[in-house]
Structures are given as C-alpha cells and as structure tokens.
Amino acid sequence: MKTRLRPTAAALMLALAPMAGSLLAPAATAAPAAAKPAIANIAVNSDAGVSPGATLRLQLTAAPNASRVNVTLGDSGIVVNLRQQGAGNYTGNYVVRRSDRIDPTQLMTARVAIGGRTLTRQFHYPPSFQALAAGAPPSQAPVQVQARAPGPRMAIERFFIRSSGAVEAGRELRFRLVGAPGGDARLDIPGVIQGVDLRETRPGEYEGTYTVRRRDDPEAFRTAVATLERGDDRVSARLQFDRPPQITDLLPANGDRVTARGRTHIAARISDEGNPVDPSRVRLRLNGRDVTADARITPDEVHFRADLDPGRYAVELTARDTGGNMTTKTWTFDVVPDRQAAGPGGGDLPLQLTSHRNEAPVDADGNLLIQGRTVPHATVRVRVEQTSVSGRRAGVPMDVFDETVQADRNGVFSAAVQPRGRAGTLPGTRFEVRVTASSGNQAAEERITLVQREG
C-alpha cells in the first residue's frame with residue numbers, strides 16, 4: 001500500500017508567490033533526432049504546491065500535431081489533458097481539489113497519440129515538489145521548476161520498514177531503501193531524529209536501524225523520509241509503512257487444467273517487504289469452504305492437498321501481516337478426468353501399480369521400489385515428490401525422483417527410488433508418486449501417496 005499525502009499537512013503547503021513571465025526553464029533533456037516522434041521534456045509549476053485550490057500548470061514538449069496528449073499524476077487517478085499551443089508545445093492546467101491525493105514522490109506519465117501510435121514517457125516531479133513531500137518548509141519566492149525524465153539520475157524505487165509489531169519503546173526498527181546504486185542514503189524522522197545512515201548492503205539496496213526511545217512519538221515514524229544523493233543529484237521518498245503482503249506462484253495457475261486422479265496440490269507463495277506475514281491469520285477457502293485447518297501454512301508458503309472430483313474450483317487465499325495489512329488472491333482451475341483415450345480406436349491404456357496401495361506405509365529408510373503393469377514395451381515415467389516432517393511441522397515439498405523406464409514384453413515395469421538427504425529418515429515423511437504410461441496415441445496416469453513408518 002503506497003503512502004498517501006495528506007493535503008492538510010504542513011508539508012503539503014508550498015506557498016509560492018504568483019508567477020509572472022515565462023514559467024518554463026530550458027529543457028533538461030533533448031530527445032535525439034533519431035527518436036522522432038518522441039516526448040522530450042515536461043515543466044510543472046504551481047502557485048501553491050499541491051494544496052487544495054492550487055493551480056498546476058503543465059507544459060510538454062513533444063512531436064507536433066498529436067491527436068491526443070495527456071499527463072497522469074502518479075496513481076492519484078488524475079489525468080490532465082493538454083492542448084497544442086505551438087508546434088510541439090502542449091499545455092494544460094489542473095486545480096487541486098480537496099479530495100485529491102497527489103504524491104510528488106511518484107512518477108508522472110505523459111502520453112502522446114500520433115500517427116496511430118501512443119508514445120509514453122515517465123517523469124519525476126521537480127525537486128521542489130519532492131522536497132514538499134519530504135516535509136521541507138514552504139518557499140516564499142517565485143520558483144521556476146523543470147521536471148526531469150528518469151534515467152541514469154538518482155531515483156528511489158521503494159522505502160519501507162521491515163520490522164514487525166507496533167512502534168513502541170525499545171523496539172528496533174529496520175528501514176530498507178531500494179534505489180539507484182552508488183549513492184549516499186540517510187533517514188530523517190521529523191521530531192525524532194535526523195541523519196540516520198542507511199548503508200548500501202548490496203548494489204541499490206540500503207539498510208539502517210533505529211531503536212525507539214520512550215520519549216519518541218510513534219506517529220512521527222509515519223512521516224519518515226529517506227534521501228538518496230550522489231553529487232548534486234538528490235531525491236527523497238516518504239516511508240511506505242503499510243504495504244500489504246504479496247501472493248504469487250499460484251498452483252495450479254489461474255485457468256489450469258489438472259487431472260482428477262490422486263491428490264490435487266494447491267499452493268501459493270506469500271511475501272511481504274514490510275511486516276512479516278502472520279501464519280495464524282492466513283485463510284484458505286476452496287469453493288467457499290474454509291480448508292485452512294487442513295493446509296500447511298508457513299510465513300512464506302501455503303500448501304493444501306485433496307482428492308477432488310472433476311469440475312471447476314475457485315480458490316480464495318487471504319493473508320495478513322503482523323502490522324494488520326491484508327491482501328486477498330482468488331483464482332480458478334479445472335479438474336478433468338485423468339484417463340482419456342487419445343487414439344482413434346478409443347479405450348484406456350491399462351495401468352496398474354502393483355507394489356503399493358494409496359496411503360500405504362514404506363520402510364523406515366524411505367526406500368521405494370515402484371512396480372506396476374501396463375501394455376508391453378510402453379514408456380513409463382515415474383516422478384516422486386518428498387515432503388519431510390519435523391515434529392508437527394511439514395517441510396517444503398521437494399522433487400526427489402524423475403525417471404523414465406520401459407515396460408518389458410509382459411508390460412511389467414519397476415523403478416527404484418531412494419530418499420534425498422536426511423529427510424528420508426524421518427518418520428511421517430510423505431511421498432507423492434505420479435506414474436504416467438504412454439504407448440502410441442494412448443496414455444494413462446496413476447497417483448498415490450505413501451507415508452514413511454516408524455523404524
């Protein structure tokens with residue numbers, strides 16, 4: 001969740017005197033001739049910063065005679081339409097409303113439609129606007145400002161806090177900034193402390209800590225500002241304090257089709273760049289039914305397996321971090337019958353596992369000899385996924401075997417599986433076995449789950 005600026009805050013009141021004469025400074029960046037049609041540069045001026053009632057004046061230099069030109073102000077939802085006043089010179093005004101949330105630390109996006117193409121280019125707000133967002137005192141003199149296009153100059157991609165729990169006395173807060181490499185970064189917390197060093201731990205990643213004192217105002221930390229500079233180039237960003245968790249790596253993927261035989265594996269990865277995810281506040285629903293109690297949940301991942309009948313299934317996964325931020329991800333997949341005749345003659349390819357039944361125990365060493373029967377000389381692929389258990393906690397599933405063998409003239413096949421590492425010696429280790437046979441235009445599949453017994 002990106003931090004929104006509050007128009008009522010003093011940091012948002014840039015009291016600029018009325019401006020006269022030309023508002024444009026010379027262009028900071030000239031577009032190369034070979035790039036035409038192109039967007040060269042943009043200038044932004046205001047009579048009162050981004051406070052309610054202020055008039056923003058935008059002037060864009062781009063290819064002439066465009067059919068449509070506009071500028072989007074960050075993710076505020078505000079789009080300012082521009083008109084051509086001279087060849088390649090487009091201007092437009094916008095009066096800030098009280099309900100607007102304009103963040104000068106974000107990027108402006110210019111769009112120019114010309115010749116059936118729509119060109120886009122992003123620009124930073126001018127330094128004076130960024131200083132406004134960082135809490136600089138109002139200026140009393142007329143200012144001419146020139147926005148600049150991002151490129152090799154300094155930039156901050158994200159600035160967030162990684163500590164868990166509330167901001168309270170004695171808690172160590174860990175700040176992290178992601179931006180341009182090779183700069184000097186510092187942290188300022190208005191009313192609390194200035195100039196906390198953020199050390200570059202790897203290219204473009206800066207980290208620093210601060211321990212909350214008893215006299216510190218917890219609300220002041222929400223106005224923390226990071227500054228990244230190199231030489232005369234400087235950029236600032238407000239703290240992203242409330243970024244929600246991210247849910248990725250969906251399994252099955254949205255819209256996937258999986259076979260009905262055996263246990264369907266539903267999984268997702270959870271990450272949070274701010275507060276860590278609280279596993280006790282993760283909820284998993286399948287077709288509206290809460291299956292959280294049957295899922296294996298860690299701060300990073302969710303895994304759930306079930307025997308599902310053919311049909312369409314909707315998954316809803318909700319995660320909260322320790323700061324209370326919540327995110328929900330929904331997706332669907334289809335379970336289809338796993339035995340389908342591919343040949344013109346119809347009928348299934350026979351396939352039978354003769355060595356084990358589903359949910360059967362295996363020996364204490366975790367050694368498996370998978371045996372079965374199919375048609376003579378069929379190609380058989382055997383895959384095994386191993387999940388170890390320590391106490392009441394299950395580990396991450398790991399692929400331990402994937403081998404293709406050929407059935408003999410009687411259709412008999414076998415494959416010897418050995419556990420990987422010490423995990424195979426732990427009682428309760430589960431093995432998901434998937435056997436696929438193919439011959440000509442026909443194929444069949446069998447899946448079973450095996451559990452390692454006590455020694």
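Any value given below was found using the heavy atoms of this structure, including those in side chains, with hydrogens, waters and symmetry copies removed.
In this structure, Thr211 contributes its side chain and Gly170 its backbone to no donor-acceptor pair below 3.5 Å. Judged purely by atom type and a 3.5 angstrom limit, Arg230 uses its side chain to pair as donor or acceptor with the backbone of Pro181. The backbone N or O of Ala314 sits less than 3.5 Å from a side-chain atom of Asn287, completing a donor-acceptor pair. In this structure, the side chain of Arg176 does not engage the main chain of Tyr206 through any donor-acceptor pair within 3.5 Å. Counting only distance, with no hydrogens or angles, the side chain of Asn254 and the backbone of Thr332 share a donor-acceptor pair below 3.5 Å. Side-chain atoms of Trp331 come within 3.5 Å of backbone N or O of Pro252 as a donor-acceptor pair. The backbone N or O of Arg213 lies less than 3.5 Å from a partner atom in the side chain of Asp216, making a donor-acceptor pair.
Between Val192 and Tyr210, the closest heavy-atom pair is CG1-OH, 3.4 Å. Between Thr298 and Pro279, the shortest heavy-atom distance links the atoms C-CG, 4.1 Å. Nearest heavy-atom pair, Ser236 versus Thr105, reported as atom, atom and distance to 0.1 Å: O-CG2, 3.9 Å. The minimum heavy-atom distance between Gln194 and Pro190, with the atom names listed, is NE2-CA, 3.9 Å. A pairwise comparison of heavy atoms in Val282 and Thr292 identifies O-CG2, 3.4 Å as the closest pair. Closest approach of Gly88 to Pro64, counting heavy atoms only: N-CB, 3.5 Å.
Between Arg381 and Glu403, none of the side-chain N atoms (NZ, or NE/NH1/NH2) sits under 4.0 Å from a carboxylate O, so this pair counts as no salt bridge. Arg447 and Glu445 are joined by a salt bridge, as a carboxylate oxygen and a charged side-chain nitrogen come within less than 4.0 angstrom of each other. A salt bridge links Glu229 to Arg186: at least one charged side-chain nitrogen sits closer than 4.0 Å to a carboxylate oxygen.
With 3.5 Å as the limit, one finds a donor-acceptor pair spanning the side chains of Glu432 and Thr449. Side-chain polar atoms of Tyr90 and Asn81 form no donor-acceptor pair below 3.5 angstrom. Side-chain contact annotation: Arg111 with Thr72, donor-acceptor N/O pair under 3.5 Å present. Remark: the Asn89 side chain and the Gln59 side chain contain an N/O donor-acceptor pair separated by less than 3.5 Å. If you check the side chains of Asp278 and Ser280, you find a donor sitting under 3.5 Å from an acceptor. Using modelled atom types, one finds a donor on one side chain and an acceptor on the other under 3.5 Å when comparing Asp100 with Tyr94. For the residue pair Asn93 / Thr55, no side-chain donor-acceptor distance below 3.5 Å is found, with atom types taken as modelled.
Interatomic distance, OG1 of Thr318 versus NZ of Lys329, reported as 12.0 Å (0.5 Å rounding). Atom OG1 in Thr91 sits 3.5 Å away from atom CD in Gln85 (nearest 0.5 Å). The structure places CD of Glu200 at 8.5 Å from CG of Leu228, a figure rounded to the nearest 0.5 Å. We find the CG-CD1 distance between Leu308 and Ile266 to be 5.5 Å, quoted to the nearest 0.5 Å. Taking CD from Gln106 and CZ from Arg101, the interatomic distance works out to 13.0 Å, rounded to the nearest 0.5 Å. Put simply, CG on Leu73 and CD1 on Ile102 are 5.5 Å apart, with the number rounded to the nearest 0.5 Å.
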- request: Check step by step if side-chain contact (heavy atoms from CB on, under 4.5 Å) holds for Leu173 and Phe175.
  value: CA-CA 6 Å; Leu173 305 180; Phe175 296 88; 3.7 Å; yes
- request: Decide yes or no on side-chain contact (heavy atoms from CB on, under 4.5 Å) for Arg238 and Thr223, but give the supporting numbers first.
  value: CA-CA 7 Å; Arg238 292 284 296 271; Thr223 63; 3.9 Å; yes
task: Apply side-chain contact (heavy atoms from CB on, under 4.5 Å) to the pair Phe431 and Val451, showing each step before the final yes or no.
output: CA-CA 6 Å; Phe431 300 90; Val451 183; over 6 Å; no
task: Show your reasoning for whether side-chain contact (heavy atoms from CB on, under 4.5 Å) applies to Phe221 and Val212.
output: CA-CA 10 Å; Phe221 291 84; Val212 182; 4.1 Å; yes
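The aromatic rings of Tyr313 and Phe333 sit parallel, their planes meeting at an angle under 30°, below the 60° perpendicular limit.
Contact check for Gln386 versus Arg430: no side-chain heavy atoms found under the 4.5 Å cut-off. Residues Leu107 and His124 meet the side-chain proximity criterion, which asks for heavy atoms closer than 4.5 Å. Leu56 places none of its side-chain heavy atoms less than 4.5 Å from the side chain of Val80. Leu177 is listed as a side-chain neighbour of Ile156, based on a closest heavy-atom distance under 4.5 Å. Contact annotation: the side chain of Ile42 approaches that of Leu58 to within less than 4.5 Å [non-hydrogen atoms, C-beta and beyond]. Between Ile270 and Thr327 the shortest side-chain heavy-atom distance does not fall below 4.5 Å. Residues Phe304 and Asp294 meet the side-chain proximity criterion, which asks for heavy atoms closer than 4.5 Å. Residues Arg434 and Glu385 form no side-chain contact, since every pair of their non-hydrogen atoms from C-beta on lies 4.5 Å or further apart.
Each of Leu286, Asp290, Thr330 was evaluated against Glu316; a single residue qualifies, Thr330, per the side chain to side chain contact (heavy atoms under 4.5 Å, CB included) test.
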